[in-house]
Every structure is written in C-alpha cells, then in structure tokens.
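Here's the structure, in structure tokens; my notes come after.
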Amino acid sequence: MQHPDRLIKPTLRELEPYKAALPDMTPAMLKKHLKLEHVAKMSFNENPFGASPKAIEAMKGALDELHIYHDVDDSPLKEMLCRLHHVEPEQILLGNGADELSQMAAMAFLGEGDEAIIPQPTYIQYEVSTLTMGANPVFVPVNSQFAIDPDDLLKKITDKTKLIFLCNPNNPTGTYITKKEMDAFVDKLPDRVVLLMDEAYFDYVDADDYPSSTDYINSGKLVMGVRTFSKNHGLAAARVGYAVGPKVLIYTVARTRMQVNVNSIGLSGAAASLQDPDHQAAVIAQTAAGKKYLYDHFTELGLFFVPSQGNFIFVDTGKDSADVVQKLAADGVVVRPGYLFHFPTFLRVTVGTPEQNRALVESLAGILGKN
C-alpha cells in the first residue's frame with residue numbers, strides 16, 4: 001500500500017495531527033499526568049469563573065430535543081446578534097468557535113500559491129488554516145513594543161496576498177491596534193484583500209481607543225470581524241462563535257459552512273448568556289482585579305511584562321521557559337511557554353481566580369529564588 005503521506009498536499013507535511021501537550025490538557029488530565037489533587041490551569045486563556053447560571057440552565061433545557069436536527073440560522077442567538085450590532089441577518093455567520101470561522105475564511109479565499117499575512121507571534125490557528133489550504137503564510141514580526149504595526153503588514157502585501165489575519169487584542173502579547181491606526185490601515189487596504197479581525201478578547205479591553213470590526217462594515221473594504229463565546233462568556237466547551245461583516249463577504253465565506261455546524265446546546269447557552277450582562281460584568285471585574293494583582297507581583301519580582309488588553313499576560317522570567325513551565329507544573333501551576341511563540345524566556349499566563357493567581361506568584365517566586 002502506498003504511504004498516504006506521499007499523496008498529501010506538500011504544505012500539510014509541515015503539520016502534525018493535534019495532540020494535547022501539557023498546556024492544552026484538561027484539569028482532569030493534568031491531575032492524572034502530574035499526580036496532583038489540585039491544579040491551577042492558567043494556560044488556555046479560559047474564563048476560570050465559569051458560565052452564566054442562566055446559560056447553563058438554558059443548555060440543560062435544550063437536551064430535550066437532542067434527537068432533532070436544528071437550523072443554525074433560525075436561532076434566537078442570531079436575532080440577538082443582529083440587534084446587538086445593528087446589522088441584518090445576512091451580515092452574521094455563526095461558527096463552531098472562532099477557529100472554524102478562521103478556517104472557513106481560509107477555505108473561501110486561499111488556494112495553492114496564495115499568500116496570507118500573519119503577525120508573529122499570534123494565534124497558531126491562522127498558520128494552520130493557511131497551510132491546510134496549500135497557501136503560504138507570510139509572517140510579520142511585532143515591533144519592539146510587542147505590538148502589531150499595520151504599516152509593516154501593508155509592506156508585505158503582494159499580488160498573491162488574499163487574506164490578512166489580525167488578532168486584536170493580539171494573543172499572546174495582549175497589545176492592540178488603536179482606532180486611529182486601524183482606520184488608516186483599512187483605508188490603505190487593497191479592495192482585493194480580505195481582512196479578518198479576530199476579536200476573541202474584546203470583552204476584556206478597557207482602552208478608550210479600541211476599534212471594533214463593525215466600524216468598517218460600510219467602509220467598502222472586505223473586513224470581517226470574528227468573535228467567540230469561549231472567553232468572557234465562559235462557554236469554551238460549547239464551541240460557539242460568529243463573524244460579522246458586509247453581506248457580500250459573509251455570503252462568500254458562508255459557502256464553506258457545513259449545514260449544521262453549531263450545536264443546539266451551544267446556541268441556547270450563548271443566547272442566554274447574552275441576556276445576563278451582570279454575570280459578564282462580574283467576570284470582567286474579577287479578571288481586571290486579578291490582572292492588577294499579577295502586575296503588582298510581577299513588578300515586585302522584577303519581571304518585565306507586556307500590559308495586556310486580554311485576560312492573559314506575556315511575562316519575561318529571564319529563564320528558559322521550558323524549564324520554568326515544568327517546575328511550575330510540579331507545583332500544580334500550568335502556563336504556556338513562550339518558546340512556542342519564539343520568545344524563549346517568556347510565559348503566557350492566563351489571569352485566574354485569586355487562589356490560582358496566588359499559587360502562580362508563590363511558585364514563580366520560589367523558582368526564581370526570590371522572596
């Protein structure tokens with residue numbers, strides 16, 4: 001039998017099938033792997049405070065119709081999103097989390113020999129989606145302030161460029177592109193290039209000059225925003241996200257959608273979560289308090305960190321991140337190593353509960369030999 005690897009797209013040979021490494025494991029997996037009863041998982045940018053009780057109750061109610069296929073477009077969630085963003089149904093596309101929507105955009109626009117511009121470091125799924133379609137990722141490093149410079153992205157546009165992936169705020173750095181910068185960037189963007197603005201962390205932003213993708217729906221440019229219910233809404237396992245943009249752009253990307261791509265339980269939970277703003281506000285407040293706590297203690301430890309507009313912090317320990325991560329894990333604290341982002345001494349730390357944040361600081365202080 002011929003080995004199937006000889007038949008695969010050349011670009012896919014660079015990829016390995018997904019397998020959960022230490023930072024990707026569930027709490028149950030981590031406890032078993034580390035042989036510990038208590039583990040602080042601070043590696044996946046999850047919401048440690050949980051989903052809205054209203055969302056959980058709505059999801060339980062949806063179990064009664066598990067045996068029936070549903071229509072994703074004919075859902076209360078889509079109606080709510082239209083009212084929230086003041087757009088028409090044709091301008092919203094629901095997806096199985098933000099990941100699927102990024103991949104759908106790649107499927108719609110990228111082919112062999114095409115190029116997608118991707119900041120570096122950023123979310124790994126953009127590169128995976130690009131390679132999956134046989135296209136070439138064009139990486140653009142962040143600047144000395146760890147921020148994405150829109151002018152650097154513009155310089156990389158060629159006749160082969162079809163798509164630009166832009167995470168704002170950016171993961172893992174937590175930096176953001178301002179409204180003024182984004183306005184100028186979109187204005188200079190060629191009409192033939194699609195801009196995908198991944199706004200997974202927009203709920204946590206407290207900057208006054210943060211731009212929304214919806215600001216550009218009527219710009220005449222191909223700008224699509226992507227958001228998720230996995231972060232502040234605490235519905236990571238439910239896998240619900242959505243794209244919003246001009247009708248012609250959403251229509252084009254929707255051609256790649258599977259008929260029933262978002263489960264009915266997730267749709268019910270997301271709709272109920274939107275109706276519980278008090279819970280979302282409480283999560284944001286607790287995250288902000290936790291972030292300040294970590295800022296203060298990182299400063300006391302003499303560590304450089306990048307001020308973040310997300311629910312995570314990119315911090316430099318000055319030591320090999322692979323080694324630091326293993327030592328933290330031995331203490332029951334799991335974070336993501338910076339070498340995965342080509343920053344070998346950095347860690348990306350999710351803001352946790354007060355107990356998790358305290359455990360991280362205490363363990364890190366011990367590892368660094370500081371009181």
Side-chain angles (χ1 to χ4, degrees), residues 9-12 14 93 98-99 101-173 175-200 209-226 243-253 255-256 341-342:
K9 295 177 182 177
T11 51
L12 282 182
E14 301 177 31
L93 176 62
D99 287 357
L101 291 159
S102 297
Q103 188 164 35
M104 289 165 67
M107 290 172 63
F109 301 112
L110 297 178
E112 296 283 344
D114 290 333
E115 294 177 351
I117 294 176
I118 304 173
Q120 194 176 53
T122 196
Y123 187 42
I124 187 64
Q125 184 60 45
Y126 311 145
E127 179 183 356
V128 173
S129 295
T130 299
L131 292 173
T132 299
M133 298 314 300
N136 301 314
V138 176
F139 299 111
V140 181
V142 295
N143 62 24
S144 59
Q145 279 70 51
F146 295 84
I148 298 170
D149 188 329
D151 288 335
D152 290 343
L153 301 181
L154 289 170
K155 292 173 185 176
K156 290 293 185 179
I157 295 176
T158 70
D159 292 340
K160 296 180 180 180
T161 305
K162 295 288 187 65
L163 184 60
I164 298 176
F165 289 104
L166 188 57
C167 190
N168 197 40
N170 188 36
N171 171 19
T173 61
T175 56
Y176 74 106
I177 295 176
T178 67
K179 179 72 163 62
K180 182 178 179 180
E181 292 171 331
M182 191 70 78
D183 286 351
F185 176 59
V186 171
D187 185 60
K188 296 175 184 176
L189 194 68
D191 294 342
R192 57 181 175 77
V193 175
V194 176
L195 173 61
L196 186 148
M197 292 175 60
D198 185 342
E199 300 169 313
D209 56 348
Y210 174 76
S212 169
S213 58
T214 55
D215 296 338
Y216 308 104
I217 286 179
N218 299 315
S219 67
K221 299 298 178 73
L222 298 174
V223 180
M224 180 175 81
V226 172
V244 57
K247 289 182 181 180
V248 63
L249 182 54
I250 295 300
Y251 175 82
T252 302
V253 177
R255 294 178 182 183
T256 68
F341 306 108
H342 307 290

Test item: Val193 and Glu115 side chains (from C-beta on) under 4.5 Å apart, heavy atoms: no

Does any non-hydrogen side-chain atom of Tyr126 lie less than 4.5 Å from one of Leu163? no

Tell me whether Asp183 is salt-bridged to Lys179, with the criterion being a basic N under 4.0 Å from an acidic carboxylate O. yes

Donor-acceptor pairs are to be reported for all side-chain atoms of residues 140-148 against protein atoms at under 3.5 Å, with residues two or more places apart or in another chain.
from, atom 1, to, atom 2, distance (Å)
Asn143, OD1, Gln145, N, 2.9
Asn143, OD1, Phe146, N, 3.3
Asn143, OD1, Ala147, N, 3.0

Checking side chain to side chain donor-acceptor pair (under 3.5 Å) against Asn170, which of Thr175, Thr122, Asp198 comes through? Thr122

Is there a side-chain contact between Leu101 and Met224, using heavy atoms and a 4.5 Å cut-off? no

Do Gln120 and Ile118 have side chains that approach each other closer than 4.5 Å (heavy atoms only, starting at C-beta)? no

Under the rule for ring-ring contact (aromatic ring centres under 6.0 Å, His included), what residues qualify as partners of Phe341, not counting sequence neighbours? none

Any chance you could measure Lys188, atom NZ, to Leu154, atom CG, to the nearest 0.5 Å? 6.5 Å

Leu93 vs Met104 side-chain heavy atoms within contact, under 4.5 Å: yes

Hey, what do you get for CG (Asp151) to CD (Glu181), rounding to the nearest 0.5 Å? 8.5 Å

Answer yes or no: is there a side-chain heavy-atom contact under 4.5 Å between Lys247 and Ile250? no

Any side-chain donor paired with an acceptor under 3.5 Å for Asp209 and Tyr176? yes

Please name the residue in the list Pro119, Pro211, Ser212 that meets the side-chain contact (heavy atoms from CB on, under 4.5 Å) test with Asn168. Pro211

With a 4.5 Å cut-off on side-chain heavy atoms, are Phe185 and Lys221 touching? no

Exactly one candidate in Leu249, Thr161, Val253 meets side-chain contact (heavy atoms from CB on, under 4.5 Å) with Val194; the answer is Leu249

